[in-house]
Engineer: 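This is the structure I want to talk about, given as structure tokens.
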2 protein chains.
Amino acid sequence: MLDAKISVAVIKRLPKYYRYLELIGDKGIIRVSSQELSKITGLTASQIRQDLNHFGAFGQQGYGYNVEELKIELEKIMGVDKPYNVVIIGFGNIGSALLNYSGFKKKGFKVVGIFDNSPEIIGNKANDVVIKDVSELEEVVTREKVDIAILAIPAIPAQEITDKLVACGIKGIWNFAPIDLKLPRNVVLENVHLDGSLLTLTYYMNSLKDYPGVR
Amino acid sequence: MLDAKISVAVIKRLPKYYRYLELIGDKGIIRVSSQELSKITGLTASQIRQDLNHFGAFGQQGYGYNVEELKIELEKIMGVDKPYNVVIIGFGNIGSALLNYSGFKKKGFKVVGIFDNSPEIIGNKANDVVIKDVSELEEVVTREKVDIAILAIPAIPAQEITDKLVACGIKGIWNFAPIDLKLPRNVVLENVHLDGSLLTLTYYMNSLKDYPGVR
DNA sequence: TAGATTGTTAATCGATTAACAATC
DNA sequence: TAGATTGTTAATCGATTAACAATC
């Protein structure tokens, strides 16, 4: 089943599997069955096996899955077995939070550029990276072969900057601006729409009857 | 159809509808059809009508929907027609980013407390709110009748703090810690798992064939 | 070998899309 | 009224769950 198209729902569960595997791996646990994973993740054992089998047969009948092995497979599947060059665009609150985001440091994400349009902070250094004017964005993205751009800017300039990034060959955009960006199909977009998340929270606080519990 | 259980997928689309209604409302557009909404949101007209009809019949045959009216209805549905008292727990990068999060200011979210465990910042003020030691959390949450707690702390202490919040009658938790919190069913949890989002991005950057395009 | 647990197919369930009668 | 567009039912599509043969 390595060829069929894999749905977003499956992909969104992979980081969860990975997180729990790290957790039990750190406890020194060597093997785990889909049933045990089911218990700790809250997903069904059937779904876990089904999900993993989209990518290969990583388990062994009568045994289960080797924790370290499966972790490494998931890293490969999720593409975090290799390094990425990253730029942060917009160095307000969110941008600076992301610079120090611990998720970056563990894995191979390297922030090679920070951009803003405020004269007050341009020229400053943050984590040894000089904050540059957005006008220098294209030069840096091209020269440093940047893979991922983080958009931590308001909605208004986001599409224009995105278009420039695309022209410079960016491969992925992690977008924190509250806007749906238009992109060619070969550039991957992942949105973090905080407004949507917060409104989902308030919805369920007022409509507990629909609340499905922790997802 | 006002009574059937409404799925998460529907709820997650409401903020999107709301955002586009604000957008066209600001342009002075008075009425909009599901077909027009379809064009700008990228969802099908059928789905839009279906979604809205879970909550009531807001449109009018032959006319469409009144933009302002629908906006107000969505505000009621999503529960942002009323104020919320909020505390921020953990005043590192993410916590301070959220304090200034513009989504709060537009709506009725009021930050009534900020907590941290670092002696260096306890006692400081941020946006006129004094940063307090986490030991004072329960007192403030109880006294100020806090509705929502934002967890911007590491995974390790998150469950313990959550248990305290629950004991003080918190109604909702907006969780930025990379952990699946255990909660009674009457306390609503909304997770922002940045690690999951980032790994989804890298997955699709490496498996473009599965990339469904902007979602 | 016997027991356990996977990989995978089939059955069920739920969500999306299509169609159209109702009605403004 | 005629045209447009909703609200809603029925059809389709896809994802989850159940079941079990394969096999370690």
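Below, chains carry the letters A, B, ... as their sequence lines are ordered, and counting in each starts from 1.
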Engineer: I'd like to check Trp174(A) versus Thr200(B) (side-chain heavy atoms, cut-off strictly below 4.5 Å). Are they in contact?
Structural biologist: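 Side chain of Trp174(A) against side chain of Thr200(B), heavy atoms only: no contact under 4.5 Å found.
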Engineer: Separation of Lys12(B) atom NZ from dT16(C) atom P, in whole Å?
Structural biologist: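 Atom-to-atom, Lys12(B) to dT16(C), this comes out as 14 Å.
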Engineer: Any carboxylate oxygen within less than 4.0 angstrom of a Lys/Arg side-chain nitrogen, looking at Lys71(A) and Glu68(A)?
Structural biologist: yes
Engineer: Does Asp51(B) have any side chain to side chain donor-acceptor pair (under 3.5 Å) partners at least two apart in sequence or in another chain, and if so, which?
Structural biologist: Arg13(B), Tyr17(B)
Engineer: Using whole Å, report how far CD of Gln47(B) lies from P of dT9(D).
Structural biologist: 18 Å
Engineer: Over how many whole Å does the gap from Asp51(A) atom CG to dT16(D) atom C1' extend?
Structural biologist: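 Taking atom C1' of dT16(D) as the reference, CG of Asp51(A) is at 10 Å.
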Engineer: Quick one, give me the B/S/- string for nucleotides 18-24 of chain D, reading 5' to 3', where B means a protein heavy atom under 4.0 Å from the base and S means that only happens at the primed atoms, P, OP1 or OP2.
Structural biologist: BBB-BBB
Engineer: Looking only at non-hydrogen atoms, find the nearest pair between Arg19(A) and Pro178(B) and report the distance.
Structural biologist: CD-O, 3.3 Å
Engineer: To the nearest Å, give me how far apart CZ (Phe58(B)) and C1' (dT6(D)) are.
Structural biologist: 13 Å
Engineer: Show your reasoning for whether side chain to side chain donor-acceptor pair (under 3.5 Å) applies to Asn85(B) and Asp147(B).
Structural biologist: CA-CA 5 Å; Asn85(B) 282 345; Asp147(B) 304 289; 4.9 Å; no
Engineer: In whole angstrom, what separates Leu43(B)'s CG from dT17(C)'s C1'?
Structural biologist: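 Spelled out: CG on Leu43(B) to C1' on dT17(C) is 12 Å.
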Engineer: In this structure, are over 12 heavy atoms from other groups packed under 6.0 Å from Glu144(B) atom CD?
Structural biologist: yes
Engineer: So do the side chains of Met78(A) and Tyr18(A) get within less than 4.5 Å of each other, counting heavy atoms only?
Structural biologist: yes
Engineer: Could you check which residues of residues 18-37 of chain A get a heavy atom under 4.0 Å from DNA chain C? Sort them by number, please.
Structural biologist: Arg31(A), Ser33(A), Ser34(A)
Engineer: In this structure, are over 12 heavy atoms from other groups packed under 6.0 Å from Leu208(B) atom CG?
Structural biologist: yes
Engineer: Can you confirm whether Ile150(A) sits close enough to Phe104(A) that some side-chain heavy atom of one is under 4.5 Å from a side-chain heavy atom of the other?
Structural biologist: yes
Engineer: Provide, to the nearest angstrom, the distance between the NE2 atom belonging to His54(A) and the C1' atom belonging to dT16(D).
Structural biologist: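 Checked: the NE2 to C1' distance equals 11 Å.
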Engineer: Considering residues, nucleotides and ligands other than Ile29(A), do more than 12 of their heavy atoms fall under 6.0 Å from its CD1?
Structural biologist: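 For Ile29(A), atom CD1 is crowded (more than 12 foreign heavy atoms under 6.0 Å).
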Engineer: Using the 3.5 Å cut-off, write out each protein N or O paired with an N or O of nucleotides 11-14 of chain C and the distance between them.
Structural biologist:
none

Engineer: Is the shortest heavy-atom distance from the side chain of Tyr203(A) to the side chain of Leu74(B) under 4.5 Å?
Structural biologist: no
Engineer: Specify the closest pair of heavy atoms between Ile153(A) and Ala177(A), including all atoms of both residues, with the distance to one decimal.
Structural biologist: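 Minimum heavy-atom contact is O-CB, 3.2 Å.
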Engineer: In whole Å, I'd like the distance from the CG atom of Asn53(A) to the P atom of dT6(C).
Structural biologist: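 Computing the Asn53(A):CG to dT6(C):P distance gives 10 Å.
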Engineer: Can you measure from CD1 (Ile161(B)) to CD1 (Ile89(B)) and round to the nearest 0.5 angstrom?
Structural biologist: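 Answer for the CD1-CD1 pair, Ile161(B) versus Ile89(B), is 6.0 Å.
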Engineer: Determine to 10° how strongly the helix from dG3(C)-dC24(D) to dC24(C)-dG3(D) is bent, judged from the axes of its five-pair ends.
Structural biologist: 20°
Engineer: Can you find a pair of side-chain heavy atoms, one from Leu194(B) and one from Leu198(B), that are under 4.5 Å apart?
Structural biologist: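 Leu194(B) does not reach Leu198(B) side chain to side chain.
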Engineer: Please work out which residues in residues 66-75 of chain A have a non-hydrogen atom less than 4.0 Å from an atom of DNA chain C and list them by number.
Structural biologist: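 Close to the strand, none.
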Engineer: Of all heavy-atom pairs between Leu99(A) and Ala126(A), which one has the smallest distance, and what is that distance?
Structural biologist: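 Looking at all heavy atoms of both residues, the shortest contact is CD2-CB, 3.6 Å.
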Engineer: Is any side-chain N of the basic residue among Glu69(B) and Lys76(B) closer than 4.0 Å to the acidic one's carboxylate O?
Structural biologist: no
